[in-house]
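Okay, so here's the structure we're looking at.
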Amino acid sequence: MSAQSNLSIQDEISAAILEVLTAAKSKLNCEIPTSLTLDRPKNRDHGDYATSIALALAKPSGLAPRVIAEIIVAGLKARADIAAVDIAGAGFVNITLAKGSQGGVISNILASGKKFGHGNKLTGVAVNLEFISANPTGPLHLGHTRWAAVGDALGRVLAAAGAKVTREFYINDRGVQMDKFGASLQAAALGEARPEDGYHGAYIDDLAKEVVAANPQILKVSGEEQTFAFRDLGYKLQLTQQQSVLDKFGTHFDVWFSEKSLYDNDFFVHCQEVLKSKGHVFQLDGATWLRTTDFGDDKDRVMVKSDGSMAYFASDSAYYISKRERGFDICIYMLGADHHGYTGRLKALAACNGDDPEYNVDVLIGQMVKIMEGGEEVKLSKRAGTIITLEELVEKVGVDAARYTLIRYPVDTPMVMDVDILRSRTNENPVYYVQYAHARVCAVLRNASDIGIKYGADSIYPELLVHERERELIGALGEFPRVVAGAAELREPHRIARYVEELAGVYHRFYADCRVLPLGDETPSELHSARATLCSATAQVIANGLELLGVSAPEKM
RNA sequence: GCGCCUGUAGCUCAGUCGGAUAGAGCAACCGCCUUCUAAGCGGUAGGCCGCAGGUUCGAUUCCUGCCAGGCGCACCA
């Protein structure tokens, strides 16, 4: 093995290719890209890694793709870690690694342990990740649940890429909704009809009882005073319930940010001054507006209404300023599809504040989630009255299956969760497929220890791992850091899930074709150790991947 | 009317800067456990990548138009 290096083999080779191209710059007579990624070809005949860079440079350089490919081939031929460099088709360069040269991946994984896959793409970047942000007036429902899973996973992924992540839950605890909530609780407690535009779920009755139990004196007061008392205590209890449900779901927040608090200590006044000083605030018809149309929004937005009360956007703007003043570089908003209209105004708000809306604000829109059971869409929730709750979903399928399934799809596609599949224990249910792979590796390692097979950093023997399945497995393991970096950059945690499924599949195939432990009275050899070590590296990567999703990696199933 | 998202195998869906024969699981059919977890593995079959143009050596991917579905367009929150 060559000296330990943090660069993976593909990073080294792509850097080498760039060097070769740069050296030939006079001949190419065009801009040389600053980075290039080697693909893992689907077809094994195309080698371990491939690049189409020669095709891409053909036009700017005015040279035939094959001529450029020849330059790359000539430049790479001398490397000891490459067995062959071939030109195929119109000008693809296919690289086949020398036997054993993939072994660095294994020692890397063993040395890095839980940190394997972590990178530094976002080092030094302070990210504010806001998700869920529900009203504290009822249970969290299915829409919130998607974000509870995806937001949490994204937080883990961004942190793995080096970012300093603060997860924030914005509590919409201000405004007429809260008063309607209080009035609904009050009516429920007194056995009166609830306001038409109030809250009607069955949970209101339970919550009203809880409020009375917590403060029996509340029945002694009346009128508005009583409404507010119900509102404030109900809020507290409901928020606690949301927090407890999220806690059980494995989603934790660093900051629970109260919308109301934006108006404490003249903070809002300060925010208005800030925005005014940037020159996009104006008065019209007695109201105070922000001229978001200066930056592409459809219409200007009211902050302070003509009657002096605050529009919702007042809070939005103050909240954004708060985030920026607290030092966050990137503010990520995860919103439901019914709020997609917010993107334009949030970006414009940032621009009005003199920020770069493309960098400082990142709005992710999550499409709807449907849930199917017994072939039919489940619509009714016994608690919420209309929509199924997070708690009910977890009761049905468990935390791991719920989280995994919600994260598995890109958020911009509407998704359907089939409860029957999530309860099944087959290939059909990807979370079990992946967890089973992990449990299987662990079983092999337990057996290896029992019969005294040595494995670990001293027992890698990369030159022995030449079976096709072994090469596939090592190659797949080496992809993990790049997958994590991509998921962070694109804000797409589902890539981790897809990768881990792929890795589990590769492992299962390896397991089927490559016997790890000695058979019968066979004498333990270095190959057994090498394979056991490979298993141990695989277990680490699967566990790391599942960790990023907040899904458990069981050692036994 | 304007805007955002979606349209890929019978079903549920992957497919980041355009790349080689478009993938996975399920469902269908055929195989594999007297030794490491069969919650597994192998094989067969299954496609106008919504439609029509355009850019390109090359388009599921980028651009334009159209069709279909979902969701929005308040001095509501």
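Quick note: numbers below take in every heavy atom, side chains included, and nothing from hydrogens, waters or symmetry partners. Quick caveat: nothing in here was measured; it's all calculated off a predicted structure. In what follows, chains carry the letters A, B, and so on, assigned in the order in which the sequence lines appear, proteins first and then strands, with residues in each chain numbered from 1.
Other residues, nucleotides and ligands contribute only 12 or fewer heavy atoms inside 6.0 Å of the CD atom of A/Glu555. Heavy atoms from other residues, nucleotides or ligands lying under 6.0 Å from NZ of A/Lys276 number more than 12. With a 6.0 Å radius and a threshold of 12 heavy atoms from other residues, nucleotides or ligands, A/Glu196 has its CD atom at or below the threshold.
No N or O donor and acceptor, one from the side chain of A/Thr343 and one from the base of B/C4, sit under 3.5 Å apart. The base of B/A20 lies outside donor-acceptor range of the side chain of A/Asp39, with no N or O pair under 3.5 Å. Side-chain atoms of A/Tyr170 and base atoms of B/A77 include no donor and acceptor less than 3.5 Å apart.
The side chain of A/Arg509 has B/C41 as its nearest neighbour among B/C41, B/U37, B/G70. For A/Asn135, whose side chain is taken as the heavy atoms from C-beta onward, the closest listed nucleotide among B/A77, B/U37, B/C71 is B/A77. When distances are taken from the side chain of A/Arg469 to each of B/A14, B/U37, B/G42, the shortest belongs to B/G42.
Using a 4.0 Å heavy-atom cutoff across all strands shown, A/Lys556 reaches at least one base atom of the nucleic acid. Nucleic acid contact class of A/Asn447 (heavy atoms, under 4.0 Å, all strands): sugar-phosphate only. Residue A/Asn94 is classed as a base contact, given a heavy-atom separation below 4.0 Å to a base. Residue contacts for A/Val516: at a heavy-atom cut-off of 4.0 Å it reaches a base atom on one of the strands shown. In this structure, A/Val176 reaches the sugar-phosphate backbone alone: every heavy-atom distance under 4.0 Å involves primed, P, OP1 or OP2 atoms, never a base. Among the atoms of the strands shown, only primed sugar atoms or phosphate atoms (P, OP1, OP2) are found under 4.0 Å from some heavy atom of A/Pro410. Among the atoms of the strands shown, none is found under 4.0 Å from any heavy atom of A/Phe313. Within 4.0 Å (heavy atoms only), A/Met178 reaches no atom of the nucleic acid at all. The residue A/Ile365 sits apart from the nucleic acid: no heavy atom pair falls under 4.0 Å. The residue A/Ile453 sits apart from the nucleic acid: no heavy atom pair falls under 4.0 Å. Nucleic acid contact for A/Glu555: base, since at least one base atom lies under 4.0 Å from a heavy atom of the residue. Using a 4.0 Å heavy-atom criterion, one finds that A/Ala287 contacts the bases of the nucleic acid, with or without backbone contacts as well. Note on A/Ala88: a base of the nucleic acid sits closer than 4.0 angstrom, heavy atoms only. Base contact: A/Gly520 has a heavy atom under 4.0 Å from a base atom.
The distance between atom NE2 of A/His528 and atom C1' of B/U35, rounded to the nearest whole Å, is 12 Å. Separating the CG atom of A/Leu38 from the C1' atom of B/G19 is a distance of 15 Å, rounded to the nearest angstrom. Atom CE in A/Met368 sits about 13 Å away from atom C1' in B/G69, given to the nearest Å. Straight-line distance from the NE2 atom of A/His508 to the C1' atom of B/A24: 14 Å, rounded to whole Å. When the C1' atom of B/C17 is taken as reference, atom CD1 of A/Ile32 falls 17 Å away, rounded to whole Å. Spacing between atom CE of A/Met303 and atom C1' of B/A74 amounts to 16 Å, rounded to whole angstrom units. Rounded to a whole Å, the CZ atom of A/Arg498 is 10 Å from the P atom of B/C13. A/Asp86 has its CG atom 14 Å from the C1' atom of B/A20, to the nearest Å.
The closest side-chain donor-acceptor pair between A/Gln177 and A/Tyr199 falls under 3.5 angstrom.
Stacking between A/Phe92 and the base of B/A20 is present: ring centres sit under 5.5 Å apart and the planes differ by under 30 degrees. Residue-nucleotide stacking is present for A/His46 and B/A20, judged by a side-chain ring centre under 5.5 Å from the six-membered base ring centre and planes under 30° apart. Stacking is found between A/Tyr511 and the pyrimidine-like six-membered ring of the B/C36 base under the 5.5 Å centre-distance and 30° plane-angle cut-offs.
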Steps toward salt bridge (Lys or Arg N to Asp or Glu O under 4.0 Å) verdict (A/Asp179, A/Arg231): CA-CA 6 Å; A/Asp179 295 336; A/Arg231 179 191 68 189; 2.6 Å; yes
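Of all nucleotides present, only B/G54 satisfies the Watson-Crick or G-U wobble test against B/C62, with each distance under 3.5 Å. Taking a pair to require two hydrogen-bonding distances under 3.5 Å in either a Watson-Crick or a G-U wobble arrangement, B/G1 pairs with B/C73. Using the Watson-Crick or G-U wobble rule with both distances under 3.5 Å, B/A68 pairs with B/U6. The nucleotide B/G23 finds its pairing partner in B/C13, both defining distances of the Watson-Crick or G-U wobble pair being shorter than 3.5 Å. Pair assignment for B/C41 gives B/G31, based on Watson-Crick or G-U wobble hydrogen-bonding distances that are each under 3.5 Å.
The heavy-atom pair separating A/Met303 from A/Ala314 by the smallest distance is O-CB, 3.4 Å.
Ring orientation note: the planes of A/Tyr319 and A/Phe257 are tilted relative to one another, at an angle of 30° to 60°. In this pair, A/Phe268 and A/Tyr263 present their aromatic rings tilted. The plane angle is within the 30 to 60° band. The aromatic rings of A/Phe295 and A/His280 sit perpendicular to each other, their planes meeting at more than 60°, with 30° as the lower class boundary.
Mapping A/Trp289 and A/Val444 onto RNA chain B by nearest heavy atom places A/Val444 closer to the 5' end of the strand. Residue-to-nucleotide proximity on RNA chain B shows that, of A/Gly486 and A/Asp285, the 5′-proximal contact is made by A/Gly486.
For B/C13, the O4'-C1' to base torsion is more than 90° from 0; the nucleotide is therefore anti.
Spacing of P atoms, B/U56 relative to B/C5, comes out at 27 Å, to the nearest Å. Across the P atoms, B/G23 and B/A68 are found 32 Å apart, a figure rounded to whole Å. Distance noted for atom P between B/A20 and B/U6: 22 Å (whole Å). If you take atom P in B/A28 and the same atom in B/U37, they sit 29 Å apart, rounded to whole Å.
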